[in-house]
Amino acid sequence: MATDDGTPLRLDATREEALGRAAELIGRAWRSFDSFRPDEPDLDEHVRSLLQSGVPEGPSAALDVLDDAERVLDQSIAQTRPRYFGFIGSSALE
């Protein structure tokens, strides 16, 4: 894949670093699923600014993007845990 001017897209981190960070973040989230939260965490200012801004026009640091994705997902759609099944809507079909 390439940019509009034909320059090949490149990560600023190695694939191993990016995959390692993604695995670390997923593992952390997975381990947290059994921990009770009294309520969803408040959105911090960094997450608010990310949600209010548009998609960047230029490149971003790959590891920072993964960290930001973790924060946004954890703070914006975080269930209180554990096993938040009581609030998952089911279909009307049998």
Side-chain angles (χ1 to χ4, degrees):
M1 183 166 260
T3 61
D4 291 339
D5 67 0
T7 306
L9 292 176
R10 300 268 187 247
L11 291 177
D12 64 333
T14 66
R15 288 182 182 180
E16 291 78 15
E17 288 173 318
L19 288 172
R21 178 67 59 86
E24 175 187 327
L25 298 176
I26 292 167
R28 189 177 331 158
W30 191 264
R31 287 186 299 277
S32 76
F33 291 157
D34 289 329
S35 300
F36 176 73
R37 286 183 176 183
D39 52 19
E40 286 191 25
D42 292 328
L43 297 180
D44 64 32
E45 286 305 313
H46 181 69
V47 170
R48 279 187 201 284
S49 69
L50 288 171
L51 293 173
Q52 293 172 350
S53 63
V55 176
E57 293 287 329
S60 299
L63 302 181
D64 291 344
V65 170
L66 290 169
D67 291 339
D68 286 345
E70 178 204 23
R71 287 175 74 172
V72 169
L73 291 173
D74 185 57
Q75 293 181 25
S76 66
I77 60 170
Q79 289 87 22
T80 54
R81 304 182 178 101
R83 304 178 189 218
Y84 199 65
F85 302 131
F87 300 99
I88 295 175
S90 62
S91 99
L93 300 174
E94 294 183 28

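All of these numbers come straight from a predicted model, not from anything done at the bench.
Glu17 is linked by a salt bridge (Lys or Arg N to Asp or Glu O under 4.0 Å) to nothing, counting only residues two or more places apart in sequence or in another chain. The salt bridge (Lys or Arg N to Asp or Glu O under 4.0 Å) check on Arg28 picks up Glu24, Glu70, with sequence neighbours excluded.
There is a side-chain donor-acceptor pair under 3.5 Å between Asp44 and Gln75.
Applying the side chain to side chain donor-acceptor pair (under 3.5 Å) test to every pair with at least one member in residues 45-54, sequence neighbours left out, gives these pairs: His46-Asp68. Annotation: ring pair (Phe, Tyr, Trp, His ring centres under 6.0 Å) contacts involving residues 9-30, sequence neighbours excluded, comprise Trp30-Phe33.
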In residues 59-67, what donor-acceptor pairs under 3.5 Å come from side-chain atoms, sequence neighbours left out?
residue, atom, partner, partner atom, Å
Asp67, OD1, Arg21, NH1, 3.0
Asp67, OD2, Arg21, NH1, 2.7

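Contact record, Ala29 with Ser32: O-OG, 2.7 Å, taken as the closest heavy-atom pair.
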